[in-house]
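Before any comments, here is the structure.
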Protein chains: 2
Amino acid sequence: MGITKTNLFTKEQNELASLAKAFAHPARIAILQYLLESNKCINGDLVNELKLAQSTISQHLRELKNAGLIQGNIEGASMSYCINPKKWGIVQELFNGMFDRFANCEPGDCC
Amino acid sequence: MGITKTNLFTKEQNELASLAKAFAHPARIAILQYLLESNKCINGDLVNELKLAQSTISQHLRELKNAGLIQGNIEGASMSYCINPKKWGIVQELFNGMFDRFANCEPGDCC
DNA sequence: ACTGTATATTGCAATATTACGATGAATAGG
DNA sequence: CCTATTCATCGTAATATTGCAATATACAGT
């Protein structure tokens, strides 16, 4: 039916999936990489960087903002976006919490 | 138009996004967690674990397999799935490569 | 060969995502 | 006040995802 049954899963599972969804588009990865690289906050000259329409980029920025991955400050007529440091750390921990659970696998154990 | 313009982005950006997409559903997170927890390979009693139809779970397993995150071995009549150790390491590195780029942010720098 | 079990595939309906143009709201600079 | 710039939102079209029932395939045991 095209609707995800969130109620069947744990809070952590839904949160991880939701964050992964925010990462699940190359344009959003590109935006994050641009923000990570420039370190300082960036306004919407992403429109020149990526070859997407302004409205499309605005939509991607909103999704990243909804996920809490980035913040936006009004700076005159333009908008200054940047990584949300607190959330970034939490996200990293969440993902590594999953990644690191795979540690003690002997070759013969499985696969 | 609903189609992602992959040609506009780098290989790394598309790869990260594609992997994130594989993670972007709580059922798939749950499957991975189950595999991580049981360590040993697992067949499809995920159907009992998750409350989803067998065909739905098979579909999620296929997506995880397509992403290279898991492997499946035939074991008699049933199927034995498990984490793909090699890919798992690569994925972890890819994500941490992104996460770790955010290091030197001074509070006044931005945000 | 027949039956039951386990898994994959197909076809469909409901919903979500992606992208863009057009429009709106706010600010900066005359 | 007028205009250009910057960004957000709305409406819409194209495509993707999610989920299930029904069906197909493959093996195991009798």
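Below, each value reflects all heavy atoms present in this structure, side chains not excepted, and no hydrogens, waters or symmetry copies.
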Worksheet entry | Of the listed nucleotides D:dC27, D:dA8, D:dG19, the one nearest the side chain of B:H60 | D:dG19

Discussion item. Whole angstroms only, please: what is the CG-C1' distance between A:L52 and C:dA19?
Written reply: 8 Å

Worksheet entry | Residue whose nearest DNA chain C nucleotide is more 5′ - A:E75 or A:T56 | A:T56

Worksheet item: Between atom CG in B:N7 and atom P in C:dA19, what is the gap in whole Å?
Response: 11 Å

Worksheet item: When you match A:Q54 and A:G76 each to their closest nucleotide on DNA chain C, which lands nearer the 5' end?
Response: A:Q54

Worksheet item: Okay, side chain of A:S38, backbone of A:Y34: is any donor-acceptor separation there less than 3.5 Å?
Response: yes

Worksheet item: Which listed nucleotide (D:dT17, D:dC20, D:dT18) is nearest to the side chain of B:K21?
Response: D:dT17

Worksheet entry | Spacing between B:N48 atom CG and C:dA6 atom P, to the nearest angstrom | 9 Å

Worksheet entry | Residue A:H25, side-chain atoms from C-beta onward, closest of C:dA8, D:dG19, C:dT18 | C:dT18

Worksheet item: Closest nucleotide of DNA chain D for B:A53 versus for A:S78: which of these residues is on the 5' side?
Response: A:S78

Item to complete: Side chain of A:E63 only, please: which of D:dC7, C:dT18, D:dT18 is the nearest?
Response: C:dT18

Practice prompt. Report the nucleotide, chosen from D:dT9, C:dT9, C:dA8, that has the shortest atom-to-atom distance to any side-chain atom of A:S58.
Written response: D:dT9

Worksheet item: Separation of A:N66 atom CG from D:dA8 atom P, in whole Å?
Response: 12 Å

Worksheet item: Hey, what do you get for CG (B:L16) to CZ (A:R28), rounding to the nearest 0.5 Å?
Response: 13.0 Å

Fill in: Nucleotide D:dC20, atom P - distance to CG of B:L50 in whole Å
11 Å

Discussion item. Nearest to the side chain of B:Q59, heavy atoms from C-beta on, is which of C:dA8, C:dG21, D:dT18?
Written reply: D:dT18

Worksheet item: Over how many whole Å does the gap from A:M79 atom CE to C:dA25 atom P extend?
Response: 17 Å

Worksheet, complete the sentence: Of the listed C:dT10, D:dT17, C:dA19, the closest approach to the B:R62 side chain comes from C:dT10

Item to complete: Run the numbers on A:Y81 and A:L46 for side chain to side chain contact (heavy atoms under 4.5 Å, CB included), then give the verdict.
Response: CA-CA 11 Å; A:Y81 281 106; A:L46 293 160; 5.8 Å; no

Response to the item:
From CG of B:L46 across to C1' of D:dG19 the rounded distance in Å is 16 Å

Practice prompt. Just do the side chain to side chain contact (heavy atoms under 4.5 Å, CB included) check on B:L36 and B:W88 with the steps written out, would you?
Written response: CA-CA 11 Å; B:L36 288 166; B:W88 196 257; 4.0 Å; yes

Discussion item. As a test of reading the structure: which of D:dT18, C:dT9, C:dA8 is closest to the side chain of B:Y81, going by heavy atoms?
Written reply: C:dA8

Fill in: Test item: B:L35 and B:I70 side chains (from C-beta on) under 4.5 Å apart, heavy atoms
yes

Fill in: Protein-nucleotide distance (A:D45, atom CG; D:dT5, atom C1'), rounded to Å
13 Å

